[in-house]
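Worksheet: one structure, shown below.
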Protein chains: 2
Amino acid sequence: MPPNSLDPTISQSLTRDRAENRDVLTRLRTDIVSSEFAPEARLKFAEMTKRYDVGVGTLREALSQLSSEGFVTVEAGKGFRVAPVSAEELLEITDHFINFEKRAVREAIEHGGEDWETNIVAVHHRLSLIEGLPWERRMERHSEWVERHREFHEALVSACQGQWLFRLRSIMFDQLDRYRFVTKRTPEGMGGRKFEEHRDIMTATLARDADLASSLIEQHIRDTSERAIKLL
Amino acid sequence: MPPNSLDPTISQSLTRDRAENRDVLTRLRTDIVSSEFAPEARLKFAEMTKRYDVGVGTLREALSQLSSEGFVTVEAGKGFRVAPVSAEELLEITDHFINFEKRAVREAIEHGGEDWETNIVAVHHRLSLIEGLPWERRMERHSEWVERHREFHEALVSACQGQWLFRLRSIMFDQLDRYRFVTKRTPEGMGGRKFEEHRDIMTATLARDADLASSLIEQHIRDTSERAIKLL
DNA sequence: CTGACCACAACTTTCGAAATTATAGGTGTA
DNA sequence: TACACCTATAATTTCGAAAGTTGTGGTCAG
């Protein structure tokens, strides 16, 4: 039942509906990543159940899941809070993620087949459609960019053999997303060389040049994190 | 209301009650780690609520938490299952854990103070009390050994600076525990050189010899995993 | 004026029933 | 006989209310 095409405000309703239909877990994580809730803010059940229109049980399940992902903290009897942020944590997360991502892309280059290659090209294209846009239009579709950016990096390493390597990498990536958000409103952060960097990473990966791809990815991630630290 | 002292079967009721009083999450994890539920077995709510005497909501929260820890899998509408096991996964988990643990112990050696040292000695002593026992008595207290063993390795790295390093290390340790369980009933696995190995690791760590401690830990973990693989 | 104690309010946590969704078995038709 | 559909059953998933806890403000004794 997708009557989106009948809605007069098409472009808005498309993104809006997609956001609304996702489950509470995803919506809550998105709201925390995008600083909708400030770090260390209390997450009260009364407000949350109204905001997301779900029962307390469902909400509790989502919150406890987010706590094991590291996005919220929980203290017995005191409820849930948004996890704090710090420059030290960002530095550590960055190091772990780079470490994982480099190993993962190496494995993917070694084992990836035609489907893997094709998917990278496809996903990169969708990312470049947004990154090629002028500054203002990119800002409007920032949440879409976040999603495409995630898909692109995930596609790069999706052929890696280690299930846990992929899993650990993804945990760190989600955490990085939270810090990446602070660079949103700066032209350098949200634009700059991103377009070329992603293109170069893709080229090196498809050329099966693991050393080059690794080093490009490391620079790419470290640059972004260093910009974020200055803005924290 | 702990009328344990009135119970005639004291030693049994003490350990039993301690197990019963822990929350559902811990009990369920213990039951999965100790192969109480076979890998890939379905975890039905009807049976679970009776077994642990909790409501479906509480159970659901525990299960979804365990799914993000990797102990159970969940498919929307199909319920929860115990996560599968494989030799490949054990090898990967072992590599990740050794990697984390070596870095963590290095950091701990660098930053650890007197409290850290004292705690290691104390926790190692409690571990050695069990490991010094003859074979049959050790078997009886296997679940206690698991707990002490966890505490010992945790104490070694508890002074490491990286919060996420510690966290990631702990996730891998819990996963290893599940595989370690298969070596339970073999004399070599559950005894052998464990006593001396743990003592040597402690000595090297307290002597602040990071290189030696790292290499001893790597051997220690890898030996155990290789034994487990043969029995899988 | 200070400190402790008590009662009230707000919030978290848990439970069991109701609604929804998947599964298996059986019936009818080609 | 094979295939599809429909029904009954069994499971998951969600919700709202009740029970339990923690925090707070006020009162009374010292």
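Letters A, B, ... mirror the listed sequences (proteins, then strands); counts begin at 1.
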Nucleotide D:dC15, atom C1' - distance to CZ of B:Arg60 in whole Å: 13 Å

Atom-to-atom span, CE of A:Met48 to C1' of C:dC11 - whole angstrom: 13 Å

Side-chain touch B:Asp95/B:Asn99, heavy atoms, less than 4.5 angstrom: no

Salt bridge (Lys or Arg N to Asp or Glu O under 4.0 Å) assessment of B:Arg167 paired with A:Glu92: CA-CA 12 Å; B:Arg167 189 172 192 150; A:Glu92 193 194 350; over 6 Å; no

Length of the line joining B:Lys44:NZ and D:dT12:P, which is rounded to integer Å: 8 Å

Among C:dC15, C:dT13, D:dT12, the nucleotide that comes nearest once only the side chain of B:Phe45 is considered: D:dT12

Side-chain touch B:Thr118/B:Val121, heavy atoms, less than 4.5 angstrom: no

Short side-chain N/O contact from B:Thr58 to OP1 or OP2 of C:dC15, under 4.0 Å: yes

Candidates B:Lys194, B:His124, B:His198, B:Arg148 - the one meeting side chain to side chain donor-acceptor pair (under 3.5 Å) with B:Glu131: B:His198

Cation-pi geometry met for B:Arg169 and B:Phe173 (6.0 Å, 45°): yes

A:Gly55 or A:Lys78, whichever maps to the more 5' nucleotide of DNA chain D: A:Gly55

Nearest-Å distance for atom pair CG/P, residues B:Leu59 and C:dA17: 16 Å

Toward the 5' end of DNA chain C, by each residue's nearest nucleotide, B:Arg42 or B:Glu61: B:Glu61

Whole-Å gap separating P (C:dC11) and CD (A:Glu75): 17 Å

Nucleotide C:dG16, atom P - distance to NZ of B:Lys50 in whole Å: 14 Å

Whole angstrom value for the distance that separates P of C:dT13 from CG of B:Asp23: 12 Å

Whole angstrom value for the distance that separates P of D:dT14 from OH of A:Tyr52: 16 Å

Comparing A:Ala76 and B:Ala76 on DNA chain C - which has the more 5′ nearest nucleotide: A:Ala76

Touch class at under 4.0 angstrom, heavy-atom based, for A:Val56 against every strand present: base

Touch class at under 4.0 angstrom, heavy-atom based, for B:Leu63 against every strand present: nothing

